[in-house]
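Shown next, in structure tokens, is the structure this report addresses.
Reminder, nothing fancy here: chain letters follow the sequence lines and each chain counts from 1.
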Amino acid sequence: MDRYDPQAIEARWQAEWEREGAFVVPNPSPEDAPREHTYVLEMLPYPSGELHMGHVLNYTLGDVVAHIRRRRGFTVLRPIGYDAFGLPAENAAIREGKHPRDVTNRNIAAIREQMKRLGWSIDWSRELSTAEPDYYHWTQWLFLKFFEAGLAYRKGAIVNWCPNDQTVLANEQVIDGHCERCGWEVEARTLEQWFFRITAYADRLLDDMETLESWPERVLTMQRNWIGRSEGAEVIFRIEELDIDIPVFTTRPDTLFGATFFVLSPEHPLVEQLAKGTPHEEEVMDYVRHAAGRPVAERADPENEKSGVSTGRFITNPVNDNRLPIWVSDYVLMEYGTGAIMAVPAHDERDYAFAERFELPIKTVIAPADGEVSEDEAFVPHSDDEVLVDSAQFSSMTSPDAKKAIVEWLESRERGRPAVSFRLRDWLLSRQRYWGCPIPILYCDECGLVPVPEDDLPVLLPEVEEYVPKGRSPLAAAEDWVATTCPKCGGPARRETDTMDTFVDSSWYFLRYCDPQNDEAPFDPGMVDYWLPVNQYIGGIEHAILHLLYARFFTKVMYDLGIVGFQEPFARLFNQGMLHYRGAKMSKSKGNVVAPDEMVERYGAEAVRLYVLYMGPAEDDKEWQDAGIEGMFRFLGRLWRLGLEVAEAGPTEGEPGGPLVRRAHETIAKVSDDIERRFQFNTPIAAVIELVNDTYVAKEDPEQAAAVRFATETAVSLIQPYVPHIAEELWQRLGHERLWSTAWPEADPALLERETFELVVQVNGRVRGRVEVPAGLEDDELVARAKELPRVAAHLDGKEVKNAIVVPGRLVNLVV
RNA sequence: GCCGAAGUGGCGGAACUGGAAGACGCGCUGGACUCAAAAUCCAGUGGGGCUUUGCCCCGUGCGGGUUCGACUCCCGCCUUCGGCACCA
């Protein structure tokens with residue numbers, strides 16, 4: 001008998017699938033009969049290195065889903081590509097001292113080999129790289145559409161600057177004041193940059209989460225927090241002597257009577273004007289400079305003591321005409337609300353800390369419902385059952401009522417209105433780096449900012465000698481490329497030298513897959529509307545608010561522009577957990593990675609595929625165990641020997657029947673339900689192992705040959721989505737063909753109905769016996785049978801049975 | 001601090017709707033095969049106790065509660081992980 005030789009089996013079937021084009025899915029033609037179709041998508045890899053075990057989990061998960069859906073009769077779109085531009089690839093290239101294009105292409109070739117070696121059922125005819133001109137041509141085209149719609153714009157702003165990567169970062173790429181990629185502390189810089197107006201879509205990005213079919217709750221929560229919608233009011237305060245109105249945003253208009261001072265952000269445009277010519281001018285301007293120089297992380301830390309200076313000016317509170325001193329402090333953010341706040345130290349912790357520090361008055365205007373105001377306790381935390389005090393005609397109203405009443409009162413005097421504020425900022429998309437998609441914009445001395453005409457796309461990334469970042473884009477060094485002529489006036493113009501954030505490239509790749517060779521348009525809208533939305537998207541949790549928010553935004557803009565016919569790109573989302581090894585998250589920097597290639601070489605691709613899914617729930621973080629994969633390798637050997645033995649025994653006589661056949665049908669039902677309804681991938685493997693174990697016992701009995709054959713074929717068929725090579729090989733040896741396109745087995749409902757069951761008998765809730773009884777007995781008959789059991793009788797011991805609980809088909813509980 | 005998820009044998013994990021806790025795998029123990037080893041096959045394996053064919057007690061982070069019955073539901077804690085965090 002042949003030994004199980006994964007390398008030979010896997011090579012054979014991978015070649016066969018390639019030859020047959022087994023997983024190539026052409027787009028439908030109008031004359032084709034309609035077919036049920038589905039789009040299974042996994043996040044595309046960055047080619048900054050080779051695939052790691054996390055990728056193996058990701059793509060194997062998708063492969064199981066794709067295989068089972070094909071066998072359910074669906075046409076399955078299952079493409080792949082490479083998110084090839086961007087910092088990771090460029091930094092890898094710099095480390096190696098090579099050109100980013102060479103390093104990227106080399107890594108792509110390596111990843112492609114790994115993917116093929118793992119035998120994933122991918123439609124390779126749709127493969128794409130976001131760094132190829134035939135792709136980024138259309139990234140640029142989309143940018144121009146956004147620009148025409150006013151959704152891509154340039155402005156000067158305080159931005160996050162990473163001194164190590166020498167580029168600006170989007171808000172989403174700053175984690176605790178540090179660069180998401182390299183971990184360096186981020187600085188604040190005032191620069192003119194390109195932005196996407198994602199804030200215009202804040203409400204829709206929030207509201208449309210309701211329409212998603214199935215997304216993990218944690219991702220929805222993260223996006224909700226990130227968008228950060230707050231309802232409140234805008235209230236206009238007035239500096240009488242300068243005749244200036246300053247609006248503030250507040251979620252607590254009910255505390256307006258408790259305002260005792262007023263604070264401007266150091267970046268507020270009115271600060272200089274207010275201070276000018278007053279005795280405070282020098283002190284205020286010193287403070288503004290000091291705040292600007294503070295590291296972002298330090299400024300943002302609420303644990304730090306509050307700092308600030310008084311301007312010596314006063315502003316009038318519109319509800320009671322109180323004159324409040326105006327201070328400047330960096331605890332007020334220019335980016336949120338209006339950059340100015342009314343300070344209510346009695347009811348806001350930050351204002352309270354500031355008031356304590358600078359000995360400013362504290363006035364309580366909210367009290368618990370019992371009306372007791374503590375004289376000593378200055379700060380009152382927010383609660384639901386509280387009423388206003390010391391607030392003129394609004395006193396004794398509850399907080400919610402007062403919010404409404406005060407805003408209405410302000411509105412009638414044109415000193416305020418209801419308002420909504422978002423935490424979300426516009427997406428800063430320009431990067432001062434070489435390896436990215438050029439921004440198709442020109443600057444002309446006569447005409448100003450001019451978009452590159454569509455016919456001139458793509459703007460090719462120029463070759464430069466020096467691409468190491470130095471604070472300005474390396475593209476600026478390509479003088480011949482930068483200098484061009486204005487398409488409007490024909491005069492001299494210069495090209496934009498910044499490149500786009502990689503997340504722009506990956507915000508629409510899933511659409512390009514539908515029509516990847518199109519050179520007239522980014523895609524045929526009909527094809528995109530046919531395949532999208534993605535039925536199942538699978539990827540890492542790290543993109544919960546980056547890629548997944550951006551892609552949703554892009555889709556909504558394209559919908560508004562009439563380019564696509566749907567508003568959400570991904571109907572169902574699944575995030576796999578992270579892999580740990582030796583107690584820590586697997587990562588190159590920690591040196592605790594398990595290299596897929598080594599494992600594949602030692603055990604074959606399929607033991608690896610099986611083990612990554614067997615480890616535990618796919619969505620949980622899990623610990624890799626070296627011994628674990630050996631168990632899967634042993635199982636595959638066991639399945640192999642069983643399959644060959646049954647194949648060699650040849651055809652059997654008579655109908656398969658008996659407990660093993662019943663068992664096989666139960667396994668069909670469990671595996672199908674676990675994968676398709678519960679999206680659970682570890683327990684189906686356990687179920688098939690059990691079936692194989694039972695079959696090993698049964699095959700000792702020659703009477704059961706037909707049942708053994710049936711159970712073996714069922715096991716091979718059910719495990720195929722996980723280990724398609726060995727399954728195909730065995731299937732063929734068992735006398736069949738093309739398991740990959742063979743209908744998924746159906747469980748016979750008649751066989752799932754049991755004729756007898758094991759009745760569990762409890763006395764006072766404790767299990768005291770069990771007995772095999774026929775199904776369908778009456779309750780009192782079950783109780784009678786239960787009482788007959790010797791152990792049960794011993795525990796009843798002549799006592800009176802007060803109550804008997806009967807759960808049909810399961811148990812009897814006798815209460816004494 | 002706020003929000004979310006999770007705590008089950010020596011280990012990874014099962015137990016779906018409140019009904020036999022520990023499926024399956026790893027590890028370990030014993031046996032078969034072998035000159036021997038590997039591989040393979042079979043059996044056992046939560047803890048404690050006893051009058052050991054078997055029976056009893058304890059047991060799902062901790063403390064309460066609901067229920068005939070709780071890993072599962074409720075209340076209060078503890079711990080771990082993830083996210084957010086001067087967002088007015």
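- For A:Asn682 and B:A14, the shortest distance from a side-chain N or O to OP1 or OP2 is below 4.0 Å.
- If you measure from atom OH of A:Tyr611 to atom C1' of B:C24, you get 13 Å, rounded to the nearest angstrom.
- Here A:Tyr336 and A:Phe422 keep their ring centres 6.0 angstrom or further from each other.
- Here B:C68 is the nucleotide among B:C84, B:G82, B:C68 with the atom lying nearest to any side-chain atom of A:Val815.
- For the C1' atoms, the distance linking B:G76 with B:C81 amounts to 22 Å, nearest Å.
- In summary, the side chains of A:Arg638 and A:Asn693 do present a donor paired with an acceptor at a separation below 3.5 Å, with no hydrogens or angles considered.
- For B:C57 and B:G30, the C1' atoms lie 28 Å apart once the distance is rounded to whole Å.
- OP1 or OP2 of B:A85 has at least one side-chain nitrogen or oxygen of A:Arg423 nearer than 4.0 Å.
- Residues A:Tyr611 and A:Trp624 bring their aromatic ring centres within 6.0 Å.
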For RNA chain B, what is the dot-bracket line, given that a base pair needs Watson-Crick (N1 to N3, plus N6-O4 or O6-N4) or G-U wobble (N1-O2 and O6-N3) geometry with both distances under 3.5 Å, and | means paired with another strand?
(((((((..(((......[....)))((((((.......))))))(((((...)))))..(((((..]....))))))))))))....

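- Side-chain atoms of A:Lys363 come within 3.5 Å of backbone N or O of A:Phe257 as a donor-acceptor pair.
- Annotation: B:G25 and B:U80 have their P atoms spaced 34 Å apart (nearest Å).
- Side chain of A:Tyr287 to main chain of A:Ser307: a donor-acceptor pair is present (N/O by atom type, distance under 3.5 Å, no hydrogens or angles).
- A 4.5 Å side-chain heavy-atom check between A:Leu759 and A:Val761 finds at least one atom pair inside the cut-off.
- Using atom C1' as the reference point in both B:G13 and B:G64, the two lie 30 Å apart (nearest Å).
- Base contact: A:Gln762 has a heavy atom under 4.0 Å from a base atom.
- Checked against B:C84, B:C81, B:C11, the side chain of A:Ile545 finds its nearest nucleotide in B:C84.
- Side chain to side chain, A:Gln223 and A:Trp215 fail the donor-acceptor criterion of an N or O pair below 3.5 Å.
- As judged by a 4.0 angstrom heavy-atom cut-off over every strand, A:Val248 is placed among residues making no nucleic acid contact.
- Using atom P as the reference point in both B:G61 and B:C68, the two lie 24 Å apart (nearest Å).
- For A:Arg766 and B:A70, the shortest distance from a side-chain N or O to OP1 or OP2 is not below 4.0 Å.
- In this model, the phosphate group of B:A88 is approached by a side-chain N or O of A:Tyr336 to a distance below 4.0 Å at OP1 or OP2.
- In this model, the phosphate group of B:A39 is not approached by any side-chain N or O of A:Arg641 to a distance below 4.0 Å at OP1 or OP2.
- The side chain of A:Arg791 places no N or O atom within less than 4.0 Å of a non-bridging phosphate oxygen (OP1 or OP2) of B:G54.
- Below the 3.5 angstrom threshold, one finds no donor paired with an acceptor across the side chain of A:Asn225 and the base of B:C84.
- Residue A:Tyr696 places no side-chain atom within donor-acceptor reach of the base of B:C41, judged by atom type and a 3.5 Å distance cut-off alone.
- Using modelled atom types, one finds no donor on one side chain facing an acceptor on the other under 3.5 Å when comparing A:Tyr581 with A:Gln625.
- Between B:G13 and A:Thr683, no contact under 4.0 Å exists linking OP1 or OP2 to a side-chain N or O.
- A donor-acceptor pair under 3.5 Å is absent between the side-chain atoms of A:Thr255 and the main chain of A:Val344, judged by distance alone.
- Checking B:C56, B:G19, B:C42 against every side-chain atom of A:Arg810, the shortest atom distance belongs to B:G19.
- The phosphate of B:U40 has neither OP1 nor OP2 within less than 4.0 Å of any side-chain N or O from A:Arg3.
- Nucleotides B:G19 and B:U72 are separated by 11 Å at their C1' atoms, to the nearest Å.
- Using a 4.0 Å heavy-atom criterion, one finds that A:Arg425 contacts the bases of the nucleic acid, with or without backbone contacts as well.
- Ranking B:G13, B:A15, B:G19 by closeness to the A:Lys622 side chain, first place goes to B:G13.
- The phosphate of B:A15 (OP1 or OP2) has a side-chain N or O of A:Gln680 nearer than 4.0 angstrom.
- For the P atoms, the distance linking B:G46 with B:G22 amounts to 9 Å, nearest Å.
- Listed pair A:Arg634 / B:C26 meets the phosphate criterion, a side-chain N or O lying under 4.0 Å from OP1 or OP2.
- A gap of 44 Å separates the C1' atoms of B:U66 and B:U29, to the nearest Å.
- In terms of phosphate contacts, A:Arg638 brings a side-chain nitrogen or oxygen within less than 4.0 Å of OP1 or OP2 of B:C42.
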